[in-house]
Asks: 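Quick one: the structure is below, and I'll ask about it shortly.
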Number of protein chains: 2
Amino acid sequence: MLKAKARESRFIPPPKLPPPTPVVDLGDAEMRLAQDLLFFAYRGFTNVADKVLEEPGLGRAHHRALHFIGRNPGITVSGLLAILRITKQSLARVLNALVDEGYVVQAPGYEDRRLRLLTLTEKGQALEAQLFDAQRERVAQAYRTAGPQAVQGFRSVMRAMMDKGARDYMDGTGSPEDA
Amino acid sequence: MLKAKARESRFIPPPKLPPPTPVVDLGDAEMRLAQDLLFFAYRGFTNVADKVLEEPGLGRAHHRALHFIGRNPGITVSGLLAILRITKQSLARVLNALVDEGYVVQAPGYEDRRLRLLTLTEKGQALEAQLFDAQRERVAQAYRTAGPQAVQGFRSVMRAMMDKGARDYMDGTGSPEDA
DNA sequence: CGTATTAAGTCAACAATACTGACCTATTTC
DNA sequence: GAAATAGGTCAGTATTGTTGACTTAATACG
């Protein structure tokens, strides 16, 4: 007597789908992690410059002025005010110290002599270079550790984190007023 | 007369090499860009919280205390001092204000009653939540704009940017003293 | 059980860095 | 020539940090 043939079990795999679009995790845990990353990373970054500032007896406000004057030689006082977003009095105290100590020089504008154009002196460039070297060490080490892909990501996130005006200023499409 | 056979010209292509390892650009321009990214991004991030702090009349130091007490309920005073890296006097002024205004409560330790364990009250949690909401908006929007790959990169770079102690503390492998 | 150590608090003075609001001079614009 | 603008100054105030000394309460230790 012929044995009944067992019905074959046939598994038909579903059509191959593309991998799911990666989604950014915006949960509270991730957001709190971001808060901590920003706090500790920025502190680490600024502390290395603080050490350099000790010897000439200057502070972070002085460093910021040196940095942005170095970045924008010939910048006007109001331009610097706009970038730093501080009052005239605040800048005056810092700027006067930098001028008095010979780090910065002021010159009247060529066309509009009301303007005060700020540039770093050689002494100022030297100090700014020390500060830059200290922070470059920290940033370069972080970039090397993280790798080029990560650096691209870091830039994208940081760009998106800042105010639009600051972004425009950094892109060169805005003016100091935008920062 | 038999014509001489032309010698064949044979081109032998070089062995196929792997593509070059992507290199991180650590040039001055990139390093200065990083300085600006860090400055403007951090400012944008902290400014959104500053606005929330206006109404209760508190400052960034108060926010940091609220944040890290919220992160570590029951933290000791010395633990908080270690994370924030400020002096007892500085913390006392901020902490006393937070306690007086009802945002933070202190309790003696169970085993060692010299310790003062800090926790947020409901009022403190509410204010911290407002601050968190403000900063979460900013971070989430940046993360969405940049995308998940970029976020991974951001985290890597920021982790590498901080002091080792802070990294250890964030990983949970270190103690507040490490931060 | 007394001494040393530790956790935390307080005090006064000072410094860095920010703001406010008013007032000033010099220069440019209209 | 008046109005507007760039920049400077002044005095007072606020926030947030440091220093160094001193205190109280609690724990550790011999």
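Per chain, numbering begins at 1; letters A, B, ... match sequence-line order.
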Asks: What is the distance, to the nearest angstrom, from the CG atom on B:Leu115 to the P atom on C:dA7?
Replies: 7 Å

Asks: Return a single string for nucleotides 24-30 of chain C, one symbol per nucleotide in 5' to 3' order, where B is base contact, S is sugar-phosphate-only contact and - is none, cutoff 4.0 angstrom on heavy atoms.
Replies: ---BS--

Asks: Using chain A heavy atoms and a threshold of under 4.0 Å, write down where along DNA chain D the contacts begin and end, 5' to 3'.
Replies: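 It runs D:dT5 to D:dA11.
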
Asks: Return the polar atom pairs (N/O with N/O) between nucleotides 11-15 of chain C and the protein under 3.5 Å, or none.
Replies:
residue	atom	partner	partner atom	Å
C:dC11	N4	B:Gln89	OE1	3.0

Asks: Base, sugar-phosphate, or nothing: which does A:Ser78 touch, judged by heavy atoms less than 4.0 Å apart?
Replies: sugar-phosphate

Asks: Is there any side-chain hydrogen bond (donor to acceptor under 3.5 Å, both in side chains) pair reaching into residues 49-58 of chain A, and which pairs are they, with sequence neighbours excluded?
Replies: A:Asp50-A:Arg60

Asks: Can you list everything that forms a side chain to side chain contact (heavy atoms under 4.5 Å, CB included) with A:Leu131? Sequence neighbours excluded, please.
Replies: A:Ala49, A:Val52, A:Leu53, A:His63, A:Leu66, A:Leu127

Asks: Once ring pair (Phe, Tyr, Trp, His ring centres under 6.0 Å) is applied, do any residues pair with A:Phe39, and if so which ones, sequence neighbours excluded?
Replies: B:Phe68

Asks: Nearest-Å distance, CG (A:Leu91) to C1' (C:dC19)?
Replies: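 Going from CG in A:Leu91 over to C1' in C:dC19 covers 14 Å.
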
Asks: Take atom CZ of A:Arg85 and atom P of C:dC19, then tell me their distance rounded to the nearest Å.
Replies: 12 Å

Asks: I need the full list of ring pair (Phe, Tyr, Trp, His ring centres under 6.0 Å) pairs touching residues 98-137 of chain B, with sequence neighbours left out, sorted by first then second residue.
Replies: none

Asks: Sequence neighbours excluded, which residues qualify as side chain to side chain donor-acceptor pair (under 3.5 Å) partners of B:Ser156?
Replies: none

Asks: Does A:Arg114 have any side chain to side chain contact (heavy atoms under 4.5 Å, CB included) partners at least two apart in sequence or in another chain, and if so, which?
Replies: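 If we apply the side chain to side chain contact (heavy atoms under 4.5 Å, CB included) test to A:Arg114, skipping adjacent residues, the hits are A:Asp112.
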
Asks: Charged N to carboxylate O under 4.0 angstrom, A:Arg155 versus B:Glu30?
Replies: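 Result for this pair is yes, salt bridge flagged.
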
Asks: I'd like to know if B:Asp168 and B:Lys164 make a salt bridge, using a cut-off of under 4.0 Å between side-chain N and carboxylate O.
Replies: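 Counted as a salt bridge, because a side-chain N and a carboxylate O are separated by less than 4.0 Å.
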
Asks: Can you give the donor-acceptor pairs under 3.5 Å from side chains of residues 89-99 of chain A to other protein atoms, not counting sequence neighbours?
Replies:
residue	atom	partner	partner atom	Å
A:Ser90	OG	A:Thr87	OG1	3.4
A:Asn96	ND2	A:Ala92	O	3.2

Asks: Taking the six-membered ring for Trp and the full ring for Phe, Tyr or His, determine whether the centres of B:Tyr169 and A:Phe40 are under 6.0 Å apart.
Replies: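 They qualify: ring centres under 6.0 Å apart.
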
Asks: If you count heavy atoms of other groups shown closer than 6.0 angstrom to CD of A:Gln125, is the number above 12?
Replies: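 Correct, the count exceeds 12.
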
Asks: Check whether any side-chain nitrogen or oxygen of A:Thr87 sits under 4.0 Å from OP1 or OP2 of C:dC19, and answer yes or no.
Replies: yes

Asks: Please test A:Met31 against A:Gln35 for side chain to side chain contact (heavy atoms under 4.5 Å, CB included), starting from the C-alpha separation and ending with a verdict.
Replies: CA-CA 6 Å; A:Met31 298 294 99; A:Gln35 279 178 306; 5.9 Å; no

Asks: Hey, can you pull the residues of residues 42-74 of chain B with a non-hydrogen atom under 4.0 angstrom from DNA chain D?
Replies: B:Gly59, B:Arg60, B:Ala61, B:His62, B:Arg64

Asks: Going by the rule side chain to side chain donor-acceptor pair (under 3.5 Å), which residues pair with B:Asp28 if we only count those two or more places apart in sequence or in a different chain?
Replies: A:Arg136

